[in-house]
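Structure record follows, encoded as structure tokens.
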Amino acid sequence: MELKLNRPICFFDLETTGIEVAKDRIVEISVFKVYPNGNRESKTWLVNPEMPIPAQASAVHGITNERVANEPTFKELAQQVFQMMKDSDLAGFNSDRFDIPLLAEELLRAGVDFDMKNRVSVDVQTIFHKMEERTLSAAYKFYCGKSLDNAHSAEADTMATFEILQAQLDRYPELQNDIKALSEFTTRKKAADFAGFIAFDQNGDEIFTFGKHKGVKVEKVFEDEPGYFGWVQSADFPLYTKKVLTGIKLRKLNNKLF
């Protein structure tokens with residue numbers, strides 16, 4: 001089934017040096033863009049992560065230090081990647097919990113102001129897990145009847161994810177062929193930041209989800225303990241989390257002024 005789109009959607013996948021969003025780096029990124037008129041374009045980049053690729057990571061995706069030694073850094077590629085994705089909704093396999101947060105970190109680190117305010121995301125893995133409980137390779141076999149021979153290649157995983165979503169729409173008539181509805185279906189838990197350090201309470205106010213202030217409104221913490229904001233900014237938290245907290249702090253200051 002073809003996707004019903006009101007705006008472009010970018011399916012993408014990352015291969016990385018590891019799974020820590022705040023610390024690890026991209027070594028390969030593949031983007032497959034689908035337009036409402038049916039046109040498609042794709043691009044894959046190898047990336048020099050500017051850090052050693054651990055052997056255990058290379059064993060998974062096959063990308064070694066030697067292979068990316070002469071490739072551009074993500075900072076050099078950031079504007080190309082952003083220009084391809086800036087007008088689009090996003091989709092991937094486990095993308096809400098990993099690929100989007102890590103991509104946001106890399107873009108912010110490169111000086112590109114990325115957020116999800118005017119777009120939605122569809123995590124195809126969530127549809128799969130809610131319906132069948134499987135892995136990407138098994139999902140591809142189950143839904144598309146094909147073997148994913150080149151698994152953990154960013155390009156192969158990206159194209160497989162796109163095909164899986166199309167097949168899921170064919171298989172499950174209860175799934176609405178609408179990107180916003182699919183985004184709502186695949187969103188596990190609402191959070192203000194990608195990493196989940198800041199959630200929303202029942203009134204829609206931001207609260208901390210960790211540490212001594214767990215469950216407390218962010219604005220109240222900043223008011224009662226002004227130094228906590230500075231501590232978070234200097235600690236090893238994701239850049240996007242810091243950006244969200246800065247926005248909350250500025251909003252509170254503006255409310256006081258006006």
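Since the model is a prediction, treat every value here as computed from it, not as a measurement.
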Met116 vs Phe194, side chain to side chain contact (heavy atoms under 4.5 Å, CB included): CA-CA, chis, key distance, verdict: CA-CA 9 Å; Met116 293 291 292; Phe194 295 132; 3.2 Å; yes
Atom NZ of Lys75 with >12 non-hydrogen neighbours under 6.0 angstrom: no
Glu223/Lys220 ion pair, N-O < 4.0 Å: no
N-O pairing of Lys23 and Asp236 below 4.0 Å: yes
Aromatic ring pairing Phe11/Phe162, orientation class (parallel under 30°, perpendicular over 60°, tilted between): perpendicular
Side-chain (Glu15) to main-chain (Glu28) donor-acceptor, under 3.5 angstrom: no
Within 45° cone of Phe185 ring axis and under 6.0 Å: Lys130 NZ or CZ: yes
Pair Asp193 + Lys243: basic N to acidic O under 4.0 Å: no
From CD (Glu105) to CG (Leu239), nearest 0.5 Å: 4.5 Å
Residue pair Asp24 / Thr17, side-chain donor-acceptor N/O under 3.5 Å: yes
Approximate separation, where rounding is to 0.5 Å, of Lys141 NZ and Ile164 CD1: 13.0 Å
From CA spacing to verdict: side chain to side chain contact (heavy atoms under 4.5 Å, CB included), Ile9, Leu90: CA-CA 5 Å; Ile9 185 168; Leu90 301 179; 5.9 Å; no
Atom CG of Asn203 with >12 non-hydrogen neighbours under 6.0 angstrom: yes
Distance (rounded to the nearest 0.5 Å) between Thr158 OG1 and Phe12 CZ: 8.5 Å
Over 12 non-hydrogen atoms of neighbours within 6.0 angstrom of CD1 in Ile19: no
Test item: Asn48 side-chain N/O and Pro72 main-chain N/O as donor-acceptor pair under 3.5 Å: no
Nearest atoms (heavy-atom pairs only) where Glu206 meets Ile248: CG-CD1, 3.6 Å
From CA spacing to verdict: salt bridge (Lys or Arg N to Asp or Glu O under 4.0 Å), Asp87, Lys33: CA-CA 10 Å; Asp87 62 342; Lys33 189 171 185 177; 2.9 Å; yes
Side-chain donor or acceptor of Asp99 paired with backbone N/O of Leu14 under 3.5 Å: yes
Interatomic distance, Tyr140 atom OH to Met159 atom CE [nearest 0.5 angstrom]: 8.0 Å
Mutual orientation of the aromatic rings belonging to Trp231 and Phe237 [parallel < 30°, tilted 30-60°, perpendicular > 60°]: perpendicular
Between Thr126 and Thr186, a side-chain donor and acceptor under 3.5 Å: no
Phe74 side chain near Leu107 side chain, heavy-atom distance below 4.5 Å: yes
Donor-acceptor pair, side chain of Ser95 and main chain of Gly92, under 3.5 angstrom: yes
Lys/Arg N to Asp/Glu carboxylate O, Arg251 vs Glu219, below 4.0 Å: yes
Check: Arg119 main-chain N/O paired with Asp89 side-chain donor or acceptor under 3.5 Å: no
Sidechain-backbone polar pair: Ser121 side chain, Asp96 backbone, donor-acceptor under 3.5 Å: no
Results of salt bridge (charged side-chain N to carboxylate O under 4.0 Å, His left out) for Lys212 - residues two or more places apart only: Glu225
Check: Ser30/Asp13 side-chain N/O donor and acceptor closer than 3.5 Å: no
Check: Lys242 side chain, Gln233 main-chain N or O, donor-acceptor pair, under 3.5 Å: yes
Gap separating the CG atom of Asp157 from the CG atom of Leu148, nearest 0.5 angstrom: 5.5 Å
Ile26 backbone acceptor or donor facing Thr16 side chain under 3.5 Å: no
Ring centroid separation Phe208 to Phe210 under 6.0 Å: yes
Closest non-hydrogen atom pair between Gly18 and Phe98, with its separation: O-CZ, 3.6 Å
Within-4.5 Å side-chain heavy-atom neighbours: Met84 and Val31: yes
Greater than 12 external heavy atoms within 6.0 Å of Glu155's CD: no
Any donor-acceptor pair under 3.5 Å from Asp178 side chain to Ala181 backbone: yes
Row check, Phe229 ring normal vs Lys249 NZ/CZ: under 6.0 Å, within 45°: yes
Neighbour count above 12 (heavy atom, 6.0 Å) for Gln202 CD: no
Quiz: residues 36-43 side-chain donor-acceptor pairs under 3.5 angstrom, not counting sequence neighbours:
residue, atom, partner, partner atom, Å
Asn37, OD1, Asn39, N, 2.9
Arg40, NH2, Glu2, OE1, 3.3
Glu41, OE2, Tyr35, OH, 2.3

Test item: Leu245 and Val218 side chains (from C-beta on) under 4.5 Å apart, heavy atoms: yes
Charged N-O contact under 4.0 Å between Asp205 and Lys217: yes
Beyond-backbone contact of Ile207 with Val216, side-chain heavy atoms, under 4.5 angstrom: no
Backbone N/O of Leu5 and side chain of Arg7: donor-acceptor pair under 3.5 Å: no
